[in-house]
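Start at 1 and go down the list; that is how both ligands and their atoms are numbered.
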Amino acid sequence: MRNLIIVLGDQLDRESSAFDGFDTARDLVWMAEVEEESRHVPSHMARTVMFLSAMRHFARHVESRGWRCDYVRLDGKGNTQTLADELRRAVKRHRPERLVMTQPGDWRVQEDLLRAAGDLGLDLEIREDRHFYCSLPWFRRYAAGRKQLRLEYFYREMRRLHGVLLEDGVPLGGRWNFDAENRETFGKNGPGLLVPPPVAFPPDEIVRETIALVKRRLPKNPGRTERFDFPVTAGQAEVALTDFIENRLADFGRYQDAMWTAEPYLYHSRLSAAMNLKLLSPRRVVEAAEAAYRAGRAPLAAVEGFIRQVIGWREFVRGIYWTEMPAYAGGNALAADTPLPWFYWTGETPMRCLRETITQTLEYGYAHHIQRLMVTGLYALLLGVRPREIHEWFLAVYVDAVEWVELPNVIGMSQFADGGRMASKPYAASGKYIQRMSDYCTGCPFDPAQTAGPQACPFTTLYWEFLMRNEPALASAPRMELQLRNAARLPASQRQAILDRAREIRSGPLAG
Ligand code: FAD
Ligand code: SF4
């Protein structure tokens, strides 16, 4: 046999570079389900279901092209549990001349496979991942020599290079960024019955099979599968994209940052898992959004806001991941040393915003960006949770979690643990932000307006304490000046009361 083509669970791209020059007579596709990928962090059951279901469907697609596919099932005979060991077994079975694959998404997986190939005395040809707009060599050249990387400039460059939302080289509407017109709240009345729910994909035979398998093999892993209805094939992902463009894109920007009880999706696309597993191309997503604007079906502010997430943030964090790893994973610029509170795994806390977000996460394997950044991420930042522990939590609990996108979002954006390589300042805010953007504070035993005392919102107390504690580390961050000045202006008695209450929070169940 000539080439063993390795396809990982997040490489389910029908147009993958790994298939270039595929020779039906002499090449073989190899895919393996391995327990290690659900155990190295205790993966949410729905996340494992997402991966296994999409992989099994993809293997069927490969066979339908008339290609041979050696598919190793988790419940198959002699499954060794690690990718490297399974690869060794596959090489023994097929005796290939060469191993070929598209670049893995995870640094860890790439290292393991390179090591295994070396041990086997085989060449591992790693090809560029064409799924992305931005190649890694291009990003490295772009990043070289820049002390700080900022999304806004990278995003403009991407739009220029790929001709997105441009007319004669000029941004449509005369501006690159329409953020000022986005980010409304639902006010007191909430979204009502207006939000069209995303199209659901009830579990088919393959999904039902993997749900049963995950419950049997990984019964102690977190999360539930009862609500699993994500797209798991390229065809379903296309239906989900059309549904989003037609029904929710127009209000995406407006309510991008809003949160509401029992409304997990609001106007978000929930396309991240389909894109990260490569069932759906970002080009297809961006083109569909731009076409909706040009056809007058969605306003420019919504479309620009959405496209910025895909062609901007998504490509940007991948570039950061691959230029900064492996050191990036160890970042801890604020010397945070608090263990992750246990309630992150159960949702059992009186703080309503955290209870709602974590419970929803465990139910659906989904939370939208502001829930991740400004509720679960923010509390960990303010409490000073060890970056590695909160990183592992985020990598475990979302169906879309893959390290190249999760890690920079956690270490860089949410925890400021990279010291500002990615974001110009920490996303630090008090409970008042959550009160403004959601209905969570209604019915919560705490008050976001109080800074100290037993009724004070823990976010508010810890926000002020965070500023006091990290003043030396943050003094040079250009956009922190005002926040630090406000903290310095607090009367001494109030500062002391905040520090006392913060100490109580840290030693009690709100941090446990
Ligand atoms: P929408 O709100 O509809 O956005 C559209 C698309 O834009 C998303 O599908 C996603 O592909 C992309 N996008 C939006 N924001 C970002 C971002 N900050 N970085 C990269 N891409 C972005 N995203 C993941 O895909 N996997 C993760 O593991 C992940 N972990 C995160 C952890 C933290 C702490 C934070 C703050 C963000 C994280 N994100 C992650 C980014 C973002 O929250 C999710 O992509 C988004 O919530 C997915 O839901 P959606 O598809 O409905 O997104
Ligand atoms: Fe969260 Fe504080 Fe609001 Fe309670 S009062 S929901 S803890 S922000």
Item to complete: Answer yes or no: is there an ion pair linking E504 with R501, defined by an N-O contact shorter than 4.0 Å?
Response: yes
Worksheet item: Nearest protein heavy atom to atom 10 (C) of ligand 1, by residue and atom, and its distance?
Response: S272 CB, 4.2 Å
Practice prompt. Quick one: do S272 and R314 satisfy side-chain hydrogen bond (donor to acceptor under 3.5 Å, both in side chains)? Show the steps, please.
Written response: CA-CA 10 Å; S272 48; R314 188 167 184 270; over 6 Å; no
Fill in: Shortest protein contact, atom 14 (C) of ligand 1 (heavy atom only)
Q309 CB, 3.4 Å
Worksheet item: Of E184, H368, R183, which is the lone residue that meets side-chain contact (heavy atoms from CB on, under 4.5 Å) with Q256?
Response: R183
Fill in: Location of contacts on Y366 toward ligand 1, heavy atoms closer than 4.0 Å
side chain
Worksheet item: Does an N or O anywhere in S414 fall below 3.5 Å from an N or O of ligand 1?
Response: no
Worksheet entry | Heavy-atom nearest neighbour in the protein, as seen from atom 23 (N) of ligand 1, with distance rounded to 0.1 Å | V405 CG2, 3.6 Å
Discussion item. Using a 4.0 Å cutoff against the non-hydrogen atoms of C457, which atoms of ligand 2 qualify?
Written reply: 2 (Fe), 5 (S), 7 (S), 8 (S)
Worksheet item: With respect to Y440, which candidate in E356, Q371, R352 satisfies the side-chain hydrogen bond (donor to acceptor under 3.5 Å, both in side chains) definition?
Response: Q371
Worksheet item: Which one holds for P282 and ligand 1: side chain close, backbone close, both close, or neither close, with close meaning a heavy atom under 4.0 Å?
Response: neither
Worksheet, complete the sentence: The answer for which part of N276 has a heavy atom under 4.0 Å from ligand 1 is side chain
Fill in: Donor-acceptor contact below 3.5 Å, side chain H131 vs main chain P282
no
Worksheet, complete the sentence: One finds that the ligand 2 atoms under 4.0 Å from a non-hydrogen atom of C441 are 3 (Fe), 5 (S), 6 (S), 8 (S)
Practice prompt. Go through ligand 1 atom by atom and flag the ones less than 4.0 Å from a non-hydrogen atom of L373.
Written response: 36 (C)
Discussion item. How far is atom 2 (O) of ligand 1 from the closest protein heavy atom, and which atom is that?
Written reply: H268 ND1, 2.7 Å
Worksheet, complete the sentence: Among E315, E406, R314, H391, the residue with a heavy atom nearest to atom 21 (N) of ligand 1 is R314
Fill in: Qualifying residue, where the test is ring-ring contact (aromatic ring centres under 6.0 Å, His included) with F244 and the options are F306, Y265, Y267
F306
Worksheet item: Taking 4.0 angstrom as the limit, do D400 and R372 come out as a salt bridge?
Response: yes
Worksheet item: With a 4.0 Å cut-off on heavy atoms, does Y398 reach ligand 1?
Response: no
Worksheet item: Can you list the ligand 1 atoms lying under 4.0 Å from a non-hydrogen atom of A367?
Response: 47 (O)
Worksheet item: Nearest protein heavy atom to atom 46 (C) of ligand 1, by residue and atom, and its distance?
Response: R372 NH2, 4.2 Å
Item to complete: Please report the closest heavy-atom contact between L266 and R248, naming both atoms and the distance.
Response: O-CD, 3.3 Å
Worksheet item: Does any N or O atom in F252 lie less than 3.5 angstrom from one in ligand 1, N or O only?
Response: no
Discussion item. Taking 2.8 Å as the cut-off, does C444 contribute an N, O or S atom near atom 3 (Fe) of ligand 2, distance below it?
Written reply: no
Item to complete: Give a yes or no on whether a salt bridge exists between E37 and R47, defined as a side-chain N under 4.0 angstrom from a carboxylate O.
Response: no
Fill in: Contacting atoms of ligand 1, where contact means under 4.0 angstrom from a heavy atom of M275
9 (O), 11 (O)
Worksheet item: What part of H368, side chain, backbone, both or neither, has a heavy atom within less than 4.0 angstrom of ligand 1?
Response: backbone
Practice prompt. Considering only non-hydrogen protein atoms, determine which one is nearest to atom 47 (O) of ligand 1 and report residue, atom name and distance to 0.1 Å.
Written response: H369 N, 3.3 Å
Fill in: Within-cut-off N or O pair, R270 and ligand 1, under 3.5 Å
yes
Worksheet item: Counting each atom of ligand 2 from 1 as listed, which ones have a heavy atom of M351 under 4.0 Å away?
Response: 7 (S)
Fill in: Which atom of R284 lies closest to which atom of E238, heavy atoms considered
NH2-OE2, 2.6 Å
Practice prompt. Identify, by atom number and element, the atoms of ligand 1 in contact range of M413, meaning under 4.0 Å from any of its heavy atoms.
Written response: 18 (N)
Worksheet item: Is there side-chain contact between V214 and N221, with heavy atoms separated by less than 4.5 Å?
Response: no
Worksheet item: Could you go step by step and tell me if V402 and V405 meet the side chain to side chain contact (heavy atoms under 4.5 Å, CB included) rule?
Response: CA-CA 6 Å; V402 282; V405 49; 3.4 Å; yes
Item to complete: Could you see which bit of Q256 sits under 4.0 Å from ligand 1, with heavy atoms only: side chain, backbone, both or neither?
Response: neither
Worksheet item: Taking only heavy atoms of W313, which atoms of ligand 1 are found under 4.0 Å from at least one of them?
Response: 16 (C), 17 (C), 19 (N), 20 (C)
Worksheet entry | Under 2.8 Å: N/O/S of C353 next to atom 1 (Fe) of ligand 2 | yes
Response to the item:
Here the pair of heavy atoms bringing P104 nearest to V109 is CB-CG1, 4.3 Å
Worksheet item: Which atoms from ligand 2 have a heavy atom of P448 less than 4.0 Å away?
Response: 5 (S)
Worksheet item: Between L340 and W393, which heavy-atom pair has the shortest distance, and what is it?
Response: CD2-CB, 3.8 Å
Worksheet, complete the sentence: heavy-atom search around atom 18 (N) of ligand 1 in the protein gives N409 OD1, 2.9 Å
Worksheet item: Relative to ligand 1, is F316 under 4.0 angstrom through side chain, backbone, both or neither, heavy atoms considered?
Response: neither
Fill in: atom 6 (C) of ligand 1: the protein heavy-atom neighbour that sits closest, reported with distance to 0.1 Å
V310 CG2, 3.9 Å
Worksheet item: Which residue, F139, Y321, W404, F316, forms the ring-ring contact (aromatic ring centres under 6.0 Å, His included) with F132?
Response: W404
Practice prompt. Starting from atom 5 (S) of ligand 2, locate the nearest protein heavy atom and write down its residue, its atom name and how far away it is, to 0.1 Å.
Written response: F446 O, 3.4 Å
Worksheet item: So which of L362, V375, I370 actually passes side-chain contact (heavy atoms from CB on, under 4.5 Å) with T357?
Response: V375
Worksheet item: Would you call D179 and R308 a salt bridge, taking side-chain N to carboxylate O under 4.0 Å as the test?
Response: yes
Discussion item. Within 45 degrees of the ring normal and closer than 6.0 Å to the centroid, is that where the cationic atom of R175 sits relative to F178?
Written reply: yes
